[in-house]
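Everything numeric in this text was worked out from a predicted model, so none of it was measured.
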Amino acid sequence: MEAPWQEIKRQVMDGLDMSREFTDEELRERIALAVRSYSKEKLLSLKVRESYEEQIFNSFRRLDVLQELLDDPEVTEIMVNGEAHIFYEKAGALYPWTKAELSRERLGDMIQQIAGSANRAVNEANPILDTRLSDGSRVNIVLEPVSVEGSCISIRKFSKKSMTLERLMELESLSQEVAEFLKLLVQAGYNIFISGGTGCGKTTFLNALSAYIPKTDRVITIEDSAELQFQNVPNLVRLETRNANGQGAEEISIRDLIRTALRMRPDRIVVGEVRGAEAWDMFQAMNTGHDGSLSTGHANSDRDMLLRLETMMAMGEKVDFSVIQRQIVTGLDILIHLGRMRDRTRKVLQISELCGIKNGEIYLNTLYRFQETGVKGEKVHGIWKKESSLQNRQKLEEKGLAYSG
């Protein structure tokens, strides 16, 4: 059975002149008129009328039943598993969303609205889409029948407030000593890679580090869908991949963008995340004078990340394994591994320096490691133990930055 607000929406649509664009204000005015007309007959309360107006507007211009979750600053993830099941994450825990329902048609409209607003296409020929919302939230869409139980939407929200190392210290994600050390590394131009599992805060951490890039540097970011929110970087160029489509547009991959970026006179190149053969191109950039470059990748430990990088680079170029290892060691200076604790907090677990190759393996000099000291009220407590000192201090010395560790 059609809900009352959906009946009003139909009346609004019937009265719209589809040959021209309507502003949000014009659309809201037409919706309000239609709701008032309907209310004269049904005697709706002011609260119900306002609710109908918002639902109808959201269905036209925003994300329909998901908009309330998007507007909630405490919600970090939204998951739509077909039209029958909606879940959201708040404070690290998952909950079902029972305030609203979706029909198959409304879900399809919502998906096309997301894709259209990002100038992307998702259809039977291209049933998987990675994109972003206007607020920067990351979106993944998988259409049925690839998604067996119905089309799926996964939305990862980012805080509207820019994340800083100071804020991460307040959240006990790292200590002040570690934060000051990382600031120096970024300022001096050390090449840094951030690893960790899904949802451990790699993109957030990368954004926080970007605040310490010198303002004189030209920075080029490269991503599948532009999510990075760099602050205080005046000379910034943001590049985003493009999928091929049926209108003749060819694919533009991460590899294509890295090669293009090298011709754009960058000081630093930032690859939002490496997943495949583009790792080879990224390390070529790191090895050709682009000090201070940054990137992230998925792995369960820093050692696993190195193995993954070796594998990904082998996908990009057929060269001897020892050449790949030398490229990594000469290109990458620091590996930061993040993790999500059992109390759902995110922390820096380990910071390591790459110090050559020993016995056929890349040697990691562990600088800091998070060490648990106990659990109080389900909250994990610990300290960041300094295990050794930085060996390669050349970049710090060249920039005249004092380091006493």
### Task
Spell out, as yes or no, whether a donor-acceptor pair under 3.5 Å connects the side chain of D217 to the backbone of V219.
no
#### Entry: side chain to side chain contact (heavy atoms under 4.5 Å, CB included) between E317 and V323, intermediate numbers included
CA-CA 10 Å; E317 201 74 20; V323 174; over 6 Å; no
### Donor-acceptor pair, side chain of R308 and main chain of G297, under 3.5 angstrom
no
### Task
Start with the C-alpha distance between H290 and L262, add both sets of side-chain angles, then the distance that settles side chain to side chain contact (heavy atoms under 4.5 Å, CB included), and finish with yes or no.
CA-CA 9 Å; H290 302 95; L262 292 173; 3.4 Å; yes
### Query
K157 side chain to E74 main-chain N or O, any donor-acceptor pair under 3.5 Å?
no
### Task
Let me know which of K347, K385, K379, R342 forms a salt bridge (Lys or Arg N to Asp or Glu O under 4.0 Å) with E372.
R342
### Message
For the OG1 atom of T131 and the CD1 atom of I114, what is their distance to the nearest 0.5 Å?
### Response
8.5 Å
### Task
Taking N191 for its side chain and G292 for its backbone only, find out whether a donor-acceptor pair lies under 3.5 Å.
yes
### Query
Are the side chains of R268 and I213 in touch, meaning some heavy atoms are under 4.5 Å apart?
yes
### Query
Yes or no on side chain to side chain contact (heavy atoms under 4.5 Å, CB included) for Y368 and V348, after CA distance, side-chain angles and deciding distance?
CA-CA 9 Å; Y368 288 93; V348 172; over 6 Å; no
### Task
Mark yes when over 12 heavy atoms from residues, nucleotides or ligands other than E170 sit less than 6.0 Å from its CD; otherwise mark no.
yes
### Message
With a 3.5 Å distance limit and no angle check, can you tell me whether K395 reaches the backbone of A188 through a side-chain donor-acceptor pair?
### Response
no
## Note on the structure
Looking only at heavy atoms, the pair that brings P266 and A261 closest together is CD-O, 3.1 Å
### salt_bridge(D267, R265) N-O dist < 4.0 Å
yes
### Message
We want to know whether E353 and N392 form a side-chain donor-acceptor pair, criterion being a heavy-atom distance below 3.5 angstrom.
### Response
no
### Query
Taking C-beta and beyond as the side chain, do F205 and L182 meet within less than 4.5 Å on heavy atoms?
yes
### Query
Are more than 12 heavy atoms from other residues, nucleotides or ligands located less than 6.0 Å from atom CZ of R104?
no
### CD (Q176) with more than 12 external heavy atoms under 6.0 Å
no
### Query
G189 and D291: which non-hydrogen atoms are nearest, and at how many Å?
O-CB, 3.3 Å
### Query
Side chain of N126, backbone of A121: donor and acceptor closer than 3.5 Å?
no
### Task
Please determine if E227 and R138 form a salt bridge, counting it only when a charged side-chain N lies under 4.0 Å from a carboxylate O.
yes
### Query
Under 3.5 Å, is there a donor-acceptor pair between the side chain of D302 and the main chain of H337?
no
### Task
Have a look at S195 and tell me which of L335, D304, T296, N300 forms a side-chain contact (heavy atoms from CB on, under 4.5 Å) with it.
L335
### Query
Given side chains that start at C-beta, do those of M110 and R106 come closer than 4.5 Å, heavy atoms only?
no
### Step-by-step side-chain hydrogen bond (donor to acceptor under 3.5 Å, both in side chains) determination, N287 to Q327
CA-CA 7 Å; N287 276 299; Q327 289 287 313; 3.3 Å; yes
### Test: R238 and E240 ion pair at under 4.0 Å
no
### Message
Are more than 12 heavy atoms, taken from residues, nucleotides or ligands other than H381, located less than 6.0 Å from that residue's NE2 atom?
### Response
yes
### Task
Can you measure from OH (Y190) to CG (L332) and round to the nearest 0.5 angstrom?
12.5 Å
#### Entry: I111 versus S151, closest heavy-atom pair with distance
CD1-CB, 3.6 Å
### Query
With a 4.5 Å heavy-atom cut-off, do E273 and H298 have their side chains touching?
yes
### Message
Between K183 and E166, does any side-chain N to carboxylate O distance fall below 4.0 Å?
### Response
yes
### Query
Taking all non-hydrogen atoms of both residues, which atom of D343 and which atom of E378 are closest, and how far apart?
CB-O, 3.1 Å
### Query
Atom CD1 in I362, atom CG in L306: separation rounded to 0.5 Å?
5.0 Å
#### Entry: 4.5 Å side-chain heavy-atom contact, E361 and R303
yes
### Query
CE/M286 to CD1/I192 distance, rounded to the nearest 0.5 angstrom?
9.0 Å
### Query
For E144, does its backbone N or O pair with a side-chain atom of S147 as donor and acceptor, under 3.5 Å?
no
### Task
To the nearest 0.5 angstrom, please state how far the CE atom of M341 sits from the CZ atom of R346.
12.5 Å
### Message
Ignoring hydrogens, what is the shortest heavy-atom contact between C200 and L338? Give both atom names and the distance.
### Response
SG-CB, 3.8 Å
### Residue pair V271, D281: steps toward the side chain to side chain contact (heavy atoms under 4.5 Å, CB included) verdict
CA-CA 10 Å; V271 181; D281 302 278; over 6 Å; no
### Query
Would you say the side-chain atoms of S388 pair up with the backbone N or O of T366, donor to acceptor, closer than 3.5 Å?
yes
### Query
Is it true that R156 and E77 make a salt bridge, defined as a side-chain N closer than 4.0 Å to a carboxylate O?
yes
### Query
Which class fits the ring pair W384 and F370: parallel under 30°, tilted 30 to 60°, perpendicular over 60°?
tilted
### Task
With the side chain counted from C-beta on, respond yes when M315 and W280 share a heavy-atom pair under 4.5 Å apart, and no when they do not.
no
#### Entry: Q112 (side chain) donor-acceptor with V122 (main chain) under 3.5 angstrom
yes
### Task
Indicate whether any N or O donor in one side chain lies under 3.5 Å from an N or O acceptor in the other, for S253 and D256.
yes
#### Entry: CD (Q394) with more than 12 external heavy atoms under 6.0 Å
no
### Query
Is the closest side-chain heavy-atom distance between T345 and L171 below 4.5 Å?
no
### Query
Do S225 and D130 get their side chains close enough for a donor-acceptor pair, meaning under 3.5 Å?
no
#### Entry: Side chains of M282 and F193 in contact at under 4.5 Å (non-hydrogen atoms)
yes
### Shortest non-hydrogen contact between M312 and R275, atoms and distance
SD-C, 3.1 Å
## Note on the structure
Value for CG (L206) from CD1 (I194), rounded to nearest 0.5 Å, stands at 4.5 Å
